[in-house]
Amino acid sequence: MKRLFRGIAIPMEPGCRHEHLVIRLNADRYELTAAGKSIGVVGRAEIIPAIKAFLTEALLQTDFTLALHAALLRLGDRQLLIAGVPGAGKTTLALALSAENGCLLLGDDIVIVDEKGALRGIPFPAAVKRGSWTLLQTFQPEVASRPTYVRSDGKEVRFIPGDIDSDHIAPARSTTMIFLRQNVARRQSLSRMSPLLAFQRLLTEAAAPTRRLTDQAFAALSKAVNISRVYEMEVGPLRQAVEIIRDL
């Protein structure tokens with residue numbers, strides 16, 4: 001658990017609700033409590049997804065501008081945001097890219113946009129679904145030996161620890177955003193996307209404090225998109241996709 005969640009820090013902002021998660025092991029079951037109340041009893045196969053869910057909810061209780069459902073990587077002096085609908089392959093592509101020299105995975109699930117439009121990845125462990133275990137073996141060999149867990153939606157996943165918190169590295173000189181499309185035919189394609197369409201797609205799964213998007217949040221996201229190069233991609237062979245993105 002410590003390795004998976006190392007570097008996770010929930011900001012202690014004034015006026016925000018904060019809770020400590022207490023985990024007690026009783027035989028082969030874990031009891032989770034917060035603020036003196038039980039929030040569930042789970043087995044060994046559910047414990048890591050349950051902790052990640054709690055930390056996600058705790059993060060969304062803090063004072064932030066906007067949270068995006070996306071992955072964020074650092075490639076040299078530039079950053080790459082990967083977005084797309086659930087199941088499009090964000091985590092698989094992000095982990096394949098992070099195996100490249102000089103590439104860091106800063107977050108595979110949540111990216112915070114601050115009031116200036118800067119991006120910060122939350123380094124939760126990356127959840128790799130069963131269908132990607134074989135695909136990632138040449139990029140992330142450890143996925144084959146990681147324990148298997150079961151999420152609340154019944155999907156089997158294996159977790160790969162994140163790299164580092166993006167607060168601890170120098171600001172990127174440029175940003176690229178890639179939106180993944182479902183690709184049943186497994187064709188490889190990459191094309192430019194309009195900033196307006198990118199803005200609309202990011203908003204569809206964005207979250208904000210009290211679930212209300214403010215003018216500040218709209219302005220911050222607009223700035224983040226407008227200073228980025230934006231593409232839409234269909235991912236075919238994973239190695240080829242990595243090479244295309246690396247050479248952008």
Side-chain angles (χ1 to χ4, degrees), residues 65-114 116-122 126 128-129 131-132 135-136 139-140 162-163 166 169-207 217-248:
T65 302
L66 192 68
L68 305 177
H69 183 209
L72 186 68
L73 299 100
R74 185 66 178 264
L75 296 84
D77 62 355
R78 64 190 176 107
Q79 61 186 357
L80 170 68
L81 182 138
I82 302 176
V85 298
K90 293 185 297 293
T91 296
T92 302
L93 181 57
L95 284 171
L97 283 163
S98 71
E100 296 285 294
N101 289 333
C103 182
L104 295 173
L105 177 60
L106 305 179
D108 94 302
D109 196 34
I110 299 176
V111 176
I112 299 296
V113 184
D114 71 14
K116 297 179 181 179
L119 306 177
R120 178 170 67 91
I122 303 301
V128 185
K129 298 173 187 173
S132 295
L135 289 173
L136 283 171
F139 300 93
Q140 300 281 350
D163 287 314
S166 51
I169 60 176
R173 296 182 61 183
S174 63
T175 301
T176 300
M177 295 183 176
I178 294 180
F179 292 79
L180 301 184
R181 281 199 310 233
Q182 295 284 4
N183 187 6
V184 178
R186 308 304 296 171
R187 297 173 301 183
Q188 195 83 256
S189 70
L190 182 74
S191 58
R192 292 301 294 260
M193 174 187 281
S194 74
L196 177 58
L197 182 56
F199 180 87
Q200 291 171 337
R201 290 196 181 175
L202 287 173
L203 272 183
T204 59
E205 294 191 45
F218 277 104
L221 182 59
S222 178
K223 182 176 181 179
V225 172
N226 287 327
I227 64 174
S228 302
R229 294 185 301 164
V230 186
Y231 298 88
E232 187 169 39
M233 186 176 197
E234 289 182 323
V235 177
L238 197 52
R239 173 59 66 184
Q240 185 180 355
V242 168
E243 292 173 356
I244 290 172
I245 293 173
R246 185 186 59 202
D247 296 336
L248 280 176

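Nothing fancy with the numbering, it's 1 onward along the sequence. What you are looking at is a predicted structure, and each value in this text was computed from that prediction instead of being measured.
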Trainee: Once rounded to the nearest 0.5 Å, what's the spacing between atom CD1 of Ile82 and atom CG of Leu180?
Mentor: 6.0 Å
Trainee: What's the verdict on side chain to side chain donor-acceptor pair (under 3.5 Å) for Asp108 and Thr91, showing C-alpha distance, side-chain angles and the deciding distance?
Mentor: CA-CA 6 Å; Asp108 94 302; Thr91 296; 2.6 Å; yes
Trainee: Under a 4.5 Å cut-off applied to non-hydrogen side-chain atoms, are Val225 and Met177 in contact?
Mentor: yes
Trainee: Would you give the length of the straight line joining atom CD of Glu243 to atom CG of Leu238, rounded to the nearest 0.5 angstrom?
Mentor: 10.5 Å
Trainee: Can you tell me how far the CG atom of Leu119 sits from the CD1 atom of Ile112, to the nearest 0.5 Å?
Mentor: 10.0 Å
Trainee: Between Ser174 and Arg78, is the side chain to side chain donor-acceptor pair (under 3.5 Å) condition met? List the steps.
Mentor: CA-CA 5 Å; Ser174 63; Arg78 64 190 176 107; 5.8 Å; no
Trainee: Among Met233, Lys90, Met193, find the residue that satisfies the side-chain contact (heavy atoms from CB on, under 4.5 Å) test when tested with Phe179.
Mentor: Met193
Trainee: Using the side chain to side chain contact (heavy atoms under 4.5 Å, CB included) rule, take Leu97 and Phe139 through it: C-alpha gap first, then chi angles, then the decisive distance, then the call.
Mentor: CA-CA 8 Å; Leu97 283 163; Phe139 300 93; over 6 Å; no
Trainee: For the CZ atom of Phe199 and the OG atom of Ser194, what is their distance to the nearest 0.5 Å?
Mentor: 12.0 Å
Trainee: Any chance CG of Asn101 has more than 12 other-residue heavy atoms, nucleotides or ligands included, within less than 6.0 Å?
Mentor: no
Trainee: Mark yes or no for whether Ser228, through its side chain, and Ala224, through its backbone, hold a donor-acceptor pair below 3.5 Å.
Mentor: yes
Trainee: Could you give the distance from CG (Leu106) to CG (Leu80), rounded to the nearest 0.5 Å?
Mentor: 10.0 Å
Trainee: For Leu221 and Leu202, what are the C-alpha separation, side-chain angles and deciding distance, and is it a side chain to side chain contact (heavy atoms under 4.5 Å, CB included)?
Mentor: CA-CA 9 Å; Leu221 182 59; Leu202 287 173; 3.8 Å; yes
Trainee: May I have the step-by-step check of side chain to side chain donor-acceptor pair (under 3.5 Å) for Thr175 and Gln79, ending in yes or no?
Mentor: CA-CA 5 Å; Thr175 301; Gln79 61 186 357; 2.9 Å; yes
Trainee: Side chains of Val111 and Arg120, heavy atoms from C-beta outward: is any pair under 4.5 Å?
Mentor: no
Trainee: How many angstroms lie between CG in Leu105 and CG in Leu72, if you round to the nearest 0.5 Å?
Mentor: 8.5 Å
Trainee: Do the side chains of Thr176 and Val230 get nearer than 4.5 Å, heavy atoms only?
Mentor: no
Trainee: Residues two or more places apart in sequence or in another chain: which of them pass salt bridge (Lys or Arg N to Asp or Glu O under 4.0 Å) with Asp77?
Mentor: Arg173
Trainee: Any chance you could lay out the side chain to side chain contact (heavy atoms under 4.5 Å, CB included) test for Thr204 and Val85, step after step, and finish with the verdict?
Mentor: CA-CA 10 Å; Thr204 59; Val85 298; over 6 Å; no
Trainee: Check Leu73 against Ser98 and note the closest heavy-atom contact, atom names and distance.
Mentor: CD2-N, 4.0 Å
Trainee: Report the C-alpha separation of Glu232 and Ser189 in whole Å, then their side-chain angles, then the decisive distance to 0.1 Å, and conclude whether the side chain to side chain donor-acceptor pair (under 3.5 Å) test is met.
Mentor: CA-CA 8 Å; Glu232 187 169 39; Ser189 70; over 6 Å; no
Trainee: Should the pair Arg239-Glu100 be classified as a salt bridge under the 4.0 Å nitrogen-to-oxygen rule?
Mentor: yes
Trainee: Hey, are the side chains of Asp109 and Ile122 touching, using non-hydrogen atoms and a 4.5 Å cut-off?
Mentor: no
Trainee: Distance-only, no hydrogens or angles: does the Gln188 side chain make a donor-acceptor pair with backbone N or O of Gln240 under 3.5 Å?
Mentor: no
Trainee: Between Thr92 and Val235, does the side chain to side chain contact (heavy atoms under 4.5 Å, CB included) criterion hold? Intermediate values first, please.
Mentor: CA-CA 10 Å; Thr92 302; Val235 177; over 6 Å; no
